[in-house]
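This report concerns only the one structure given below.
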Amino acid sequence: MTDFTEDVYKIVKTIPKGKVASYGWVGKQLGSARLARAVGNALHKNPFADIPCHRVVNSQGKLAEKFGKGGWRVQKEMLVAEGVRFANEHRVDQRWMVV
DNA sequence: CTAATGACCATTA
DNA sequence: ATAATGGCCATTA
């Protein structure tokens, strides 16, 4: 466990239920938006169950193709279950993105 | 130490 | 709309 991933989880847990945030947004909360890539790696390599990684999408509002177990389909269902609206089959409505 | 990788981002064609 | 390119950062081999 590195300090970086630790912080990433801290931020991800901050995302309110029924909302989603982009990797860039998370990185920004950590200091710089360029950490987006590293954030994705952190979530990919440390998929702890107590982390709402399904609320994290990319800047286009799309879901991770390589999302652990199930892929973006399952992730989408989880978000819908929380009240997140989708603009279409693969895009999350921007208004449900954290500012 | 260096090189390669990835659940990214923005720009350009 | 999709494809390719360059850049960014932390982790891993």
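Each chain gets a letter, A, B and so on, in the order the sequences are listed, and its residues count up from 1.
- A salt bridge links A:R55 and A:E82; the closest N-O separation between the charged side-chain nitrogens and carboxylate oxygens is under 4.0 Å.
- A pairwise comparison of heavy atoms in A:V57 and A:M97 identifies CG2-SD, 4.0 Å as the closest pair.
- Just one of A:V12, A:I11, A:V8, A:L63 meets the side-chain contact (heavy atoms from CB on, under 4.5 Å) condition when paired with A:V56; it is A:V12.
- Here CG of A:N58 is found 5.5 Å from CD of A:Q60. Values are rounded to the nearest 0.5 Å.
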Requested in this report: Would you mind building the protein contact string for nucleotides 3-13 of chain B? One character per nucleotide, 5' to 3', B for base within reach (heavy atoms under 4.0 Å), S for sugar-phosphate only, - for untouched.
Outcome: ---BBBSS---
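- Of the two residues contacting DNA chain C, namely A:T5 and A:R34, the nearest-nucleotide position lying further toward the 5' end is that of A:R34.
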Query raised in the report: DNA chain C in dot-bracket, Watson-Crick or G-U pairs under 3.5 Å, [ ] crossing, | other strand?
Result: .||||||.|||||
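- Residues A:K13 and A:D50 are in side-chain contact: their nearest non-hydrogen atoms beyond the backbone lie under 4.5 Å apart.
- Atom CG of A:L35 sits about 13.5 Å away from atom CH2 of A:W25, to the nearest 0.5 Å.
- Rounded to whole Å, atom C1' of C:dA10 lies 13 Å from atom CG of A:D7.
- Residue A:S32 is classed as having no contact, given no heavy-atom separation below 4.0 Å to the nucleic acid.
- Contact check for A:V26 versus A:Q29: no side-chain heavy atoms found under the 4.5 Å cut-off.
- With rounding to the nearest 0.5 angstrom, the CH2 atom of A:W96 is 8.0 Å from the NZ atom of A:K19.
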